[in-house]
Amino acid sequence: MSEEAQGMGMVDELAGVPTVEEIERHPMDDLLRGERLPHIWCQGCGIGTAVSCFISALMRSGLDLDKVAVVSGIGCTGRVAGYIRLDSFHTTHGRAIPFATGLKLANPEMKVVVFSGDGDLIAIGGNHFIHAARRNMDLTVICVNNFNYGMTGGQMGPTTPTEARTSTSRRGNLEHPFNVPYLAAAAGATYVARWTVLHARRLERSIYKALLKPGFTVVEAISPCPTLYGRWNRKKYGTDMFEYYHQQAVIRHDAQPWEVDIGLAGEIVCGEFVDVERPTFQQMYERLHPDVRPAEDLGLLHRPPTELDAGFEPAPLPPIDVREVTPAQVGTVSTAQVSEAEHVEMRLCGFGGQGIVLAGLIAGKAVALHDHREATFTQSYGPESRGGACSAAIVVSDEAILYPYVTRPNLIAAMYQEAYTTYHGQLAEGGVLLIDEDLVQPDPETGQRVVPVPATRIAEQELGRAQVANVVMLGAIAAVGGGISTEALRQSVLESVPKGTEELNARAFDRGYEYAQGVMASSIAE
Amino acid sequence: MKLWRTPLDVERFRIPHGEVSILVERCKGCQLCVRYCPRDVLEMSDGINAKGYHPPRAKSPERCVACRLCELICPEFCIYVVEVDRE
Ligand code: SF4
Ligand code: SF4
Ligand code: SF4
């Protein structure tokens, strides 16, 4: 670490954290598509915990990993298939079980695991679920139940507890939810267990048992969705939801499945509720059709190996890159402001959860409602609620805007390295790049004019709320100029933020403005 | 390890010791590992990773008993524990 870097208070704090050389791979990396990590699930989301319990159980199970397949449907949990380094299937909404059934029938020697969410398995896929249980199809179903539809914005679903608030039941859910263990048991599953993800050890053991038991085996993993369900029900952080499980979960293996409803408050009964033997679909098939040759005998399933297969080795995983937190190596610090031309384009980019889209909306409103000029606002983001790259783009003009998208922005505000990498090449000549200096390391070779502002650090350390980093950035945008007047932008901020936070946001805006002006002034002095 | 009474068979057991490693770039700072480590080994650090989250660090690594709860509970696959001999 350079001396310069050590001078920065924040860098010292990482002492003791292993460096690149010290890092080995995570033991679960063999079964993870490491190149896709960090995954898209929100901070404090429990899906990742359910996956690590599954991987750990699978590693202990002794199953031949070449003969294990994971099938997921749609939704936050539907992403699981994409992160597990096994044969995996990301199927259509609700249809994970039909795909898995086909896979299993054609490859009876395989272990097929369905890993999906409550919305996918119990709502849209509800019928498939009960009929696969009735047939006693040889599948292991891991149902992550977070009580709502996460990916689409926290709507209520058939597992939402009565009276729970969601984005589509603001006064509380007036329906009764499905009790997943009861549903599975009544329909004929041979093994049914429920745990919360806080019971990580027990969840792992139940998955292990379910994997090795023939027939339709179901493990329900109650898991926090702090971003949506939690936010609507006063449990905004993953730790709040875990704490709720800690207080309310009770273990009762002998409970009857019909007794284990989940209410809004009250206990969450966990345990292994069903463990019985019934002939599976496959066993019945073999008994009644002894004359049918297995599909592989007919050469239908596996094509003979070709030359291409010989010597094919999966590419090694790239090493995990641990970045030192150093002050940005800034190329040229901008002194000039963005011109007040009649047509200005700007782009704000970062990752979901930073409030990028909201900041873009605020900027657009400032132009249209307070500056009385023309503006368009477009946004792009992935399907995830937090964590994915996202961007907001604004066009400001004195004349009617014929093309609403930004192509050559005069101003880019980047709050995430990937976003910077994607967009900095678009910057128009003479344009200015605003960056969050702790999160973005600009490329000095480009010679672009850069104004570094530690927006997240200011928000967190000076203002006490990391969430207002986007408003600090808006303040900096006002200082740099870009076709929006400072008063209009400030006004728009105050009108758009939640009631009661106006004062904090005003401070954030002013601090960002002042800081960016300071940066520009100091570079003039040099 | 501090015990409120000495178990009679304490001699027969060897308390394992673990070395905890953290892949900081994957962390999203959810604090679950810190909160649920039964031996209070971890704490949140003030440093940040590329996404601006604070990863944890081991404040008293010598206390780790390699129970691996942190490894299992971390939703981001960023903590793992290797059991080592104390000597
Ligand atoms: S929206 Fe909810 S379920 Fe989806 S990743 Fe975020 S916390 Fe998890
Ligand atoms: S292995 Fe157990 S004792 Fe060690 S750090 Fe993890 S949770 Fe704590
Ligand atoms: S549990 Fe994992 S993601 Fe959460 S703070 Fe600990 S290391 Fe980071």
Side-chain angles (χ1 to χ4, degrees), chain A residues 9-18 22-29 32 34 37-39 41-53 55-56 197-198 200-201 203-204 226 237-239 242-243 320-323 325 351 354 387 415-418 436 438-439 456-457 460 466 469, chain B residues 16-85:
Chain A
M10 306 190 71
V11 179
D12 284 341
E13 298 300 331
L14 276 184
V17 167
E22 291 169 50
I23 281 183
E24 297 140 66
R25 296 168 68 239
H26 194 285
M28 292 185 195
D29 279 358
L32 286 168
L37 297 177
H39 54 59
W41 297 312
C42 306
Q43 178 191 57
C45 175
I47 300 173
T49 307
V51 173
S52 78
C53 294
I55 291 181
S56 183
V197 287
L198 174 62
R201 252 317 143 226
L203 177 60
E204 179 204 13
Y237 297 104
T239 42
F242 270 70
E243 201 46 43
I320 296 152
D321 178 27
V322 177
R323 197 179 65 102
V325 184
F351 61 85
Q354 284 180 321
M415 297 181 65
Y416 182 38
Q417 188 68 40
E418 254 177 70
D436 185 316
D438 293 325
L439 301 181
T456 309
R457 188 168 7 131
E460 199 177 282
Chain B
H17 176 57
E19 213 161 70
V20 42
S21 309
I22 302 161
L23 310 177
V24 289
E25 283 306 325
R26 290 180 181 180
C27 175
K28 290 193 187 137
C30 69
Q31 309 195 5
L32 294 175
C33 55
V34 172
R35 182 96 52 117
Y36 292 101
C37 167
R39 298 283 298 148
D40 205 13
V41 170
L42 304 160
E43 67 177 356
M44 299 310 285
S45 70
D46 290 335
I48 53 169
N49 63 14
K51 284 197 172 186
Y53 294 113
H54 298 292
R57 66 164 166 221
K59 70 171 172 202
S60 27
E62 69 291 345
R63 292 169 57 84
C64 176
V65 292
C67 73
R68 300 208 135 111
L69 187 67
C70 53
E71 185 176 314
L72 216 48
I73 219 166
C74 169
E76 308 290 331
F77 315 101
C78 48
I79 300 200
Y80 65 93
V81 179
V82 180
E83 200 177 320
V84 289
D85 270 335

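In the text below, chain A, chain B and the rest are named by the order of the sequence lines, each starting its count at 1. Because only heavy atoms are used, hydrogens play no part in the values below, and waters and symmetry mates are left out as well, while side chains stay in.
Here the OH-OG1 distance, from B/Tyr53 to A/Thr456, works out to 10.5 Å after rounding to the nearest 0.5 Å. Rounded to the nearest 0.5 angstrom, A/Leu37 CG and B/Leu23 CG are separated by 9.5 Å. In this structure, A/Asp438 CG and B/Asn49 CG are separated by 11.5 Å, a value rounded to the nearest 0.5 Å. To the nearest 0.5 angstrom, A/Leu32 atom CG is 6.5 Å from B/Arg26 atom CZ. The CD1 atom of A/Ile55 sits 10.5 Å away from atom CG of B/Leu72, with the distance rounded to the nearest 0.5 Å.
Between B/Arg35 and A/Glu243, the closest heavy-atom pair is NH1-OE1, 3.8 Å.
Proximity to chain A (any heavy atom under 4.5 Å) is restricted, for B/Cys67, to the backbone atoms N, CA, C and O.
Contact tally against chain A (heavy-atom pairs below 4.5 Å) for B/Cys78, B/Cys30, B/Pro75: the top residue is B/Pro75.
Scored by the side chain to side chain donor-acceptor pair (under 3.5 Å) test, B/Glu76 finds A/His39, B/Lys28 as partners (sequence neighbours excluded). Taking A/Ser56 as the reference, A/Glu204 meet the side chain to side chain donor-acceptor pair (under 3.5 Å) condition, with sequence neighbours excluded.
Ring orientation note: the planes of A/His26 and B/Phe77 are nearly perpendicular, at an angle over 60° on the 30°/60° scale.
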Before you tell me yes or no, could you show the steps for B/Ile73 and A/Val197 under side chain to side chain contact (heavy atoms under 4.5 Å, CB included), namely the whole-Å CA-CA distance, both residues' side-chain angles and the distance that decides it to 0.1 Å?
CA-CA 8 Å; B/Ile73 219 166; A/Val197 287; over 6 Å; no

Apply the test side chain to side chain contact (heavy atoms under 4.5 Å, CB included) to residues A/Gln43 and B/Lys51: give CA-CA distance (whole Å), side-chain angles for both, the deciding distance (0.1 Å), then the verdict.
CA-CA 11 Å; A/Gln43 178 191 57; B/Lys51 284 197 172 186; over 6 Å; no

